[in-house]
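All ligand and atom numbering here is 1-based and tracks the order in the structure. Bear in mind that the values here come from a model prediction, so they are computed numbers and not experimental data.
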Amino acid sequence: MRKISDYRHIVGDAVIGELYQKAKSLYGKRILHINSTFIGGGVAEILNNLIPLMNNLGLDVDWRVLHATPDLYHLTKKMHNGLQGESISFTDHEKRLYIQASENFSVYAKIDHDLVIVHDPQPLPLIDFYKKRQPWVWRCHIDLSDPDMALWDFLKGMIIRYDLAIVSKRDYSKKDLAVRQRIVAPVIDPLTPKNMPLSGQQIFHYLSEFNIPRDKPLVTQISRFDKWKDPLGVIEVIKKVKQKIDCRLVLCGSMAMDDPEGVEIYNLVNKKGKDLIKRGDLILLTFENTFLVNLLQRVSAVILQKSIREGFGLTVTEAMYKEKPVVASNVGGIPLQITDHVDGLLVEPEDYQGAADRIIELLKNPEWGQKLGKKAKEKVQENFLITRLLRDYLDISYNEIIQR
Ligand code: UDP
């Protein structure tokens, strides 16, 4: 298990020393994180990495996962879509089902912690089923800039009971929400199997284990099969690229447990990419493997993230940290990470030709890609490593538990 001191050689002693100092006043304080899945997607990724390190700093941090059913996942996916701007409607039955999941959880899970942090909308109603004796924080990882208004109003009725709401970007904070709000950008962990350096020998080994050919440059998008990640658009883009220069597309997306639309989108991708698949020019990978993600982000010539909406986009951060040129949509959290033509390339999500042109340029001029990649790593090193998130959570915990 990783320890805080393992990060000294990456971020330096001053950063690590500050974390130890900040943790002192929180020794023994009990913090609970609650979300809706332990695997798949950015939130599970962050909690898996964050929680052991907070415990290593001397706090007592627990993680519980909402007991969810496929019905609930359908509903909360719809909610996710609604928060990201799709117009949706909820029946009273659906609202009851949503609230019921939290009520059921409350019968099984005792909460006597000093601070409760609830992630995203799925477990949001929990606050109504506990005697509230401690501060509760709602951490939203979704782009809230243009939500379905009826849905937002419904959720606001619950959020308003929370002590603090955390969003990933200034544009996501809400003027009409009468709760203190704080901006905290997500991060990656440089020492996990997903991000740690791989030796030449390991790369060789995993390439053959996962059966990834390298006779052509790889252009890769790593994302859940989700309409907001626009995998069908990615296929359009690659078809345009291939008119000018040969390459192979890899779409890697494990199925997140709380994302019921994955299979449906995967089938559409399979259908649309049929000819490319037949010629071996589209590889679809659907199993969860962190080494595979690491490998693909290292061996690809270009990493693509053609999202239509993107709360933050950890896949972008991960690739940037590996010094890869990333071509990504100018939406949500992506421009927070990429400065266009400095440490990556931004395109508008509907500009398929623009995305194809950027990829073609990078495939023709790999030295340019290397330059962008070097700058990209510096950006992540400076802003988006887990030690920064640990500091943010220590500050939030101090403010909420000690100073309240
Ligand atoms: N991921 C993965 N395997 C996959 C697809 C995605 O491990 O096949 C990981 C990816 O590396 C990243 C996270 O899932 O750490 C996705 O986070 P992001 O913020 O990009 O998108 P989200 O899924 O949360 O919308």
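- Near Gly313, with a cut-off below 4.0 Å to any heavy atom, the atoms of ligand 1 are 19 (O), 20 (O).
- The cationic atom of Lys95 (NZ for Lys, CZ for Arg) does not lie both less than 6.0 Å from the six-membered ring centre of Phe90 and within 45° of the ring axis.
- For Phe312 and Phe384, the ring centers sit closer than 6.0 Å to each other.
- The part of Val293 lying near ligand 1 is the side chain, judged by heavy-atom distances below 4.0 Å.
- The option from Ser307, Ser254, Gly333 that lies nearest to atom 8 (O) of ligand 1, judged by heavy atoms, is Ser254.
- Between Tyr98 and His93, the gap from one ring centroid to the other reaches at least 6.0 Å.
- Between the side chains of Asp189 and Tyr7, at least one donor N or O lies within less than 3.5 Å of an accepting N or O.
- Close N/O approach between Gln297 and ligand 1 is not found [any backbone or side-chain N/O within under 3.5 Å].
- The distance from ligand 1 to the heavy atoms of Gly253 drops below 4.0 Å at these ligand atoms: 8 (O).
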query = Are Asp226 and Lys77 close enough, and set up right, to give a salt bridge (charged side-chain N to carboxylate O under 4.0 Å, His left out), and what steps lead you there?
reply = CA-CA 10 Å; Asp226 176 357; Lys77 177 69 195 207; 3.3 Å; yes
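- With hydrogens left out, the protein atom closest to atom 18 (P) of ligand 1 is Leu314 N, 3.5 Å, a heavy atom.
- The option with the heavy atom closest to atom 13 (C) of ligand 1, from among Gly311, Gly41, Ala319, is Gly41.
- Using a non-hydrogen distance threshold of 4.0 Å, Lys229 registers as a contact of ligand 1.
- Under the 3.5 Å distance criterion, with hydrogens and angles disregarded, a donor-acceptor pair is assigned to the side chains of Gln305 and Ser223.
- For ligand 1, the atoms sitting less than 4.0 Å from at least one non-hydrogen atom of Glu288 are 7 (O), numbered in the order shown with element in parentheses.
- With ligand atoms numbered from 1 in the order given, ligand 1 contributes 10 (C), 11 (O), 12 (C), 15 (O) to contacts under 4.0 Å with heavy atoms of Glu318.
- Between the SG atom in Cys252 and the CG atom in Leu285 there is a gap of 5.0 Å [rounded to 0.5 Å].
- Inspection of the Asn330 and Glu348 side chains reveals an N or O donor paired with an N or O acceptor under 3.5 Å.
- Considering backbone and side-chain N/O of Gly42, one or more are found under 3.5 Å from N/O of ligand 1.
- Using a 4.0 Å cut-off between heavy atoms, Lys194 contacts ligand 1 through its side chain alone, with no backbone atom that close.
- Closest to atom 5 (C) of ligand 1, if we only count protein heavy atoms, is Ile222 CG2, 3.6 Å.
- Within the listing of ligand 1, atoms 22 (P), 23 (O), 25 (O) sit less than 4.0 angstrom from a heavy atom of Arg224.
- Taking the six-membered ring for Trp and the full ring otherwise, Trp63 and His119 have centroids separated by 6.0 Å or more.
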